[in-house]
There are 2 protein chains.
Amino acid sequence: MKPSIPKGTRDFGPAEVRKRNYIFQVMKDVFVKYGFQPIETPVMENLSTLTGKYGEEGDKLLFKVLNNGDFLSKANAEALAEKNSSKLISSISKRGLRYDLTVPFARFVVMNQQSISFPFKRYQIQPVWRADRPQKGRYQEFYQCDVDVVGSGSLMYEAELVQIYDEVFAKLGVKSIIKVNNRKVLEGIAEVTGILDRFMDMTIAIDKLDKVGIIGVEEEMIKRGIPQKAIDTIKEVLEIKNLDALDNIINESSIGKKGIEELRSFHKYLDQKPTANAVEFDITLARGLNYYTGCIFEVVADKRAYPDLVMGSIGGGGRYDDLTGVFGLKNVSGVGVSFGAARVYDVMNELSLFPDSTSSGIKVLFVAMDEKAHEFAFSCLNKMRAKNLASDLYPEPAKMKKQMKYANDINCPYVVIIGETELKTGKLVLKNMETGNQESLKIEEIISKLDKSRI
Amino acid sequence: MKPSIPKGTRDFGPAEVRKRNYIFQVMKDVFVKYGFQPIETPVMENLSTLTGKYGEEGDKLLFKVLNNGDFLSKANAEALAEKNSSKLISSISKRGLRYDLTVPFARFVVMNQQSISFPFKRYQIQPVWRADRPQKGRYQEFYQCDVDVVGSGSLMYEAELVQIYDEVFAKLGVKSIIKVNNRKVLEGIAEVTGILDRFMDMTIAIDKLDKVGIIGVEEEMIKRGIPQKAIDTIKEVLEIKNLDALDNIINESSIGKKGIEELRSFHKYLDQKPTANAVEFDITLARGLNYYTGCIFEVVADKRAYPDLVMGSIGGGGRYDDLTGVFGLKNVSGVGVSFGAARVYDVMNELSLFPDSTSSGIKVLFVAMDEKAHEFAFSCLNKMRAKNLASDLYPEPAKMKKQMKYANDINCPYVVIIGETELKTGKLVLKNMETGNQESLKIEEIISKLDKSRI
């Protein structure tokens with residue numbers, strides 16, 4: 001049989017895992033510095049936890065795990081007779097694969113509310129599964145990376161999360177723009193234009209600005225029954241670039257004023273320290289998800305720095321007021337952001353931003369020309385590893401060409417060649433695989449040279 | 001609704017994740033140093049890849065994922081009519097959850113054989129799933145941690161893997177015994193005692209020595225039809241502690257001699273460098289799995305160091321000659337070892353071997369007594385984080401007691417208290433939460449003090 005893997009899933013080889021882990025490590029180091037703690041939840045959740053949380057479409061995309069043993073013995077007889085798949089499911093499957101990290105986090109908070117100290121700052125980096133039709137760049141198994149704090153309404157956390165975005169992308173070398181808005185401000189606009197009952201319609205239309213332009217947004221609003229007078233005001237408002245100008249327009253809306261206050265309070269914290277990336281107030285940022293209630297964020301790679309890059313947002317998030325209500329715990333306010341791990345990976349790959357250290361596992365391969373040299377090489381290898389230098393020895397004194405090809409294939413930056421002459425003199429040939437330069441050195445000299453050259 | 005998680009699964013809170021990641025990080029650092037590279041395979045594999053690889057019992061323990069959409073439309077009508085669950089499965093489920101890391105690794109090697117450079121040294125740390133009945137210490141979702149090299153028969157790798165065991169357990173502080181034997185030696189014993197046709201019976205019996213003692217092993221061998229004369233010789237052989245004595249007995253068996261040669265060759269590499277833990281030849285080590293063909297290993301915590309510890313093996317592995325044959329790629333020899341991650345965790349917990357750094361996420365919590373102090377504290381926090389010190393600020397100037405309780409709850413080793421006086425003098429109160437000691441210092445002094453105290 002010829003083996004294969006399921007459609008929409010991937011194997012990750014050494015170079016990919018190293019690169020991905022590099023990104024995750026940078027993120028984790030920043031999260032920990034800001035007081036966020038790791039949690040991990042099981043891959044399988046009860047279907048009762050997952051079902052109904054992602055809309056009807058989401059329910060269809062859940063992977064369901066078949067009950068073990070004689071599952072048909074408890075199957076819904078009616079559904080079986082009718083051959084009704086969706087009706088049958090609950091009687092033959094009680095578990096499903098995690099669809100995102102938000103619902104499991106909410107479930108975790110509710111289950112552990114007695115032992116958790118609030119505010120609870122957690123990060124979580126784990127794969128999720130969705131039965132979407134696989135296509136280029138869309139997989140059924142992919143990583144999510146979420147950072148949230150629940151149990152406090154302090155705007156300090158909004159500032160911290162923006163600082164985290166800023167610091168992570170600065171460390172990764174991805175020049176970014178962090179866009180900030182506030183849902184209450186958008187609600188204020190709806191209020192002063194008299195279309196509070198059309199608030200969702202307005203945000204859905206505005207959310208499409210990037211894709212369809214201002215004319216498209218206007219068409220969308222007309223289609224959704226928003227009066228022309230309101231549309232004209234909204235169009236003017238969407239041109240506004242600063243809070244003071246906005247304040248003048250929406251100060252008759254108490255919710256709108258609250259939104260502006262929140263943004264100012266957020267800036268009071270944020271402005272204490274300069275950021276490496278641009279943080280821009282963007283009144284046109286709406287974020288589709290209607291559970292956001294306060295500040296909202298979105299990160300994009302900076303087009304001014306990368307004019308040729310075609311890439312959607314690489315992060316997003318915001319304040320929500322009711323994460324855990326669905327599981328019976330009311331009034332838990334939280335704020336969180338996600339990193340688009342796969343997109344960050346793609347951006348970094350395209351811009352060659354990964355450090356050299358991710359391209360190879362070892363620094364040196366020893367190449368021995370005969371049995372005696374091989375034995376000696378193993379003792380050199382022990383010395384090198386004792387100094388924590390990642391290194392290896394080809395397992396047998398094979399032909400030079402074969403061993404050098406291996407060094408090349410595994411992307412090894414240095415090779416140490418040991419033959420009869422080297423054994424006699426104790427001076428080994430150190431070859432730089434990139435430049436081709438060679439020098440003859442004692443093993444101790446080689447170790448100290450490579451030790452110093454580490455990043 | 002009151003949320004819950006599936007039986008046999010677990011949530012991992014911050015302290016547990018930190019501890020587990022500490023173990024994994026120590027392991028990964030060692031693996032990388034020895035030239036092993038990370039791979040990751042998907043959680044879902046095709047059932048055709050998994051089925052039949054773990055015996056009949058294993059097939060039952062596979063978690064099967066229901067096909068998406070109208071799965072009944074393609075269901076086996078006969079099986080449905082008969083209500084035959086096992087017959088129905090293949091028509092409604094084509095994917096399952098990974099059961100171990102060995103079969104996915106074999107599948108990976110075969111699928112990527114054109115792009116892999118052999119010898120291929122890989123490590124893999126990922127969870128696996130088994131529908132075992134959950135009980136104390138046995139879960140349906142748990143991590144495995146495998147290190148293998150395939151594509152070479154060199155005994156150098158056996159030595160490296162023992163060095164890896166030695167170094168990992170030395171770094172973790174777990175005093176261990178690494179037991180070594182060779183399946184060919186056991187086969188030699190079967191040959192010279194004339195029971196080569198009963199080889200499996202013999203190894204199964206010997207494998208039980210730890211649990212049932214030598215009398216139990218003898219009974220088992222009698223039950224399995226091994227003649228008394230052979231049993232008497234085997235019992236004698238099981239007393240042997242060194243290779244030379246063994247050599248005399250089995251040198252009439254060519255396979256047995258080969259086994260001794262392998263052990264000597266392995267020692268030629270291993271003995272070049274002293275090990276921190278005991279490496280002991282143990283003729284009674286058999287390892288149940290019949291795919292091992294050469295050297296075999298098992299690691300146990302050293303009873304001499306921990307007389308009260310009750311714990312099975314914390315690692316095991318060996319040489320196999322046909323990992324990938326089942327997927328159509330013949331003659332790929334390999335050798336690998338596993339770490340019993342959960343047991344290592346338990347041993348370290350029981351012996352309090354985790355470093356202090358795993359007990360808390362942050363080093364300092366700032367506690368502010370009023371709004372002005374809070375604002376100032378946030379600027380101090382920025383300075384501290386700029387020096388890469390993990391730190392945090394309680395989100396509001398709440399009551400002292402509440403904030404101190406929070407610091408306690410999250411296990412924070414230091415607190416910096418800022419009130420009116422501290423704001424005036426610029427000297428902040430640094431409190432060591434373990435000793436209760438307090439001192440008044442400038443923020444810069446606090447930073448430099450804590451920076452130095454880092455491990």
Side-chain angles (χ1 to χ4, degrees), chain A residues 1-6 9-14 17 32-33 35 37-46 49 63-66 68 70-72 83 85 88 93 95 107-108 110-111 117 119 131 141 152 154 156 269 272-273 327-328 361-362 378-379 382 385 388 390 392 395-396 406 409-410, chain B residues 1-6 9-14 17-18 32-33 35 37-44 46 49 63-66 68 70-72 83 85 88 93 95 107-108 110-111 117 119 131 141 152 154 156 269 272-273 327-328 361-362 378-379 382 385 388 390 392 395-396 406 409-410:
Chain A
M1 79 165 272
K2 217 179 149 194
S4 63
I5 51 174
T9 70
R10 288 170 287 178
D11 282 322
F12 292 89
V17 175
V32 167
K33 190 162 93 174
Q37 309 201 75
I39 71 161
E40 288 188 17
T41 61
V43 164
M44 287 193 289
E45 292 274 354
N46 288 322
T49 300
F63 280 107
K64 287 107 183 166
V65 176
L66 204 53
N68 281 86
D70 185 13
F71 58 90
L72 279 179
K83 282 202 135 205
S85 295
L88 183 65
S93 163
R95 282 163 294 211
R107 197 258 316 136
F108 178 96
V110 174
M111 277 180 72
S117 317
E141 171 174 325
S152 164
S154 171
M156 182 181 101
Y269 287 109
Q272 285 202 17
K273 202 180 76 175
F327 296 120
I362 54 168
F378 192 74
S379 71
N382 278 331
R385 287 173 177 167
N388 283 320
D392 215 343
E396 68 215 0
Y406 183 75
D409 286 349
I410 63 169
Chain B
M1 79 163 273
K2 216 180 148 190
S4 62
I5 50 175
T9 70
R10 288 170 288 178
D11 282 323
F12 291 90
V17 175
R18 276 193 297 264
V32 167
K33 190 163 93 174
Q37 309 202 75
I39 72 160
E40 288 189 16
T41 61
V43 164
M44 286 192 291
N46 288 324
T49 300
F63 280 107
K64 288 109 185 165
V65 176
L66 205 52
N68 281 86
D70 185 13
F71 57 90
L72 279 179
K83 285 202 133 206
S85 295
L88 182 66
S93 164
R95 282 163 296 212
R107 196 258 315 135
F108 179 95
V110 174
M111 277 179 72
S117 317
E141 170 173 325
S152 164
S154 171
M156 183 181 101
Y269 286 109
Q272 284 203 17
K273 201 179 75 172
F327 296 120
I362 54 167
F378 192 74
S379 71
N382 278 331
R385 287 173 176 165
N388 282 321
D392 214 341
E396 68 215 357
Y406 183 75
D409 287 349
I410 63 169

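Any value given below was found using the heavy atoms of this structure, including those in side chains, with hydrogens, waters and symmetry copies removed. In what follows, chains carry the letters A, B, and so on, assigned in the order in which the sequence lines appear, proteins first and then strands, with residues in each chain numbered from 1.
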A:Asp392 portion near chain B, given a 4.5 angstrom heavy-atom threshold: side chain

Minimum-distance pair of heavy atoms, taken over all atoms of A:Phe108 and B:Phe12: CE1-O, 4.4 Å

Contact origin within B:Ile362 toward chain A - heavy atom pairs under 4.5 Å: side chain

Heavy-atom pairs under 4.5 Å with chain B, option from A:Leu88, A:Thr49, A:Thr9, A:Asn68 with the top count: A:Asn68

Contacts of type side-chain hydrogen bond (donor to acceptor under 3.5 Å, both in side chains), residue B:Arg18, not counting sequence neighbours: A:Gln37

Candidate pair B:Ile5 and A:Glu45, rule side chain to side chain contact (heavy atoms under 4.5 Å, CB included), full reasoning: CA-CA 6 Å; B:Ile5 50 175; A:Glu45 292 274 354; 4.0 Å; yes

Heavy-atom pair with the smallest gap, counting every atom of A:Pro3 and B:Arg107: CB-CG, 3.5 Å

Which atoms of A:Glu141 approach chain B - backbone, side chain, both or neither, heavy atom under 4.5 Å: side chain

Chain A interface, residue from B:Met111, B:Lys2, B:Lys273 that has the most non-hydrogen pairs under 4.5 Å: B:Met111

Largest heavy-atom contact set with chain B, pairs under 4.5 Å, which of A:Gly361, A:Gly35, A:Ser117, A:Pro6: A:Pro6

Taking every non-hydrogen atom, the tightest pair across A:Tyr269 and B:Phe378: O-CE2, 3.4 Å

Which portion of A:Leu66 sits near chain B, non-hydrogen atoms under 4.5 angstrom: both

Which atoms of A:Ser379 approach chain B - backbone, side chain, both or neither, heavy atom under 4.5 Å: both

Segment of A:Ser154 engaging chain B (4.5 angstrom heavy-atom cut-off): side chain

Interchain contact, A:Arg385 with chain B, by part (heavy-atom threshold 4.5 Å): both

Largest heavy-atom contact set with chain B, pairs under 4.5 Å, which of A:Val43, A:Thr41, A:Asp409: A:Val43

Contact summary for B:Ala390 and A:Val32, nearest pair of heavy atoms: CB-O, 3.5 Å

Which atoms of B:Tyr406 approach chain A - backbone, side chain, both or neither, heavy atom under 4.5 Å: side chain

Spatial distance of atom CG (B:Asn382) from atom CD (A:Gln272) [nearest 0.5 Å]: 6.0 Å

Residue, of A:Gly13, A:Pro38, A:Gly328, A:Ser152, that accumulates the most heavy atom pairs under 4.5 Å with chain B: A:Pro38

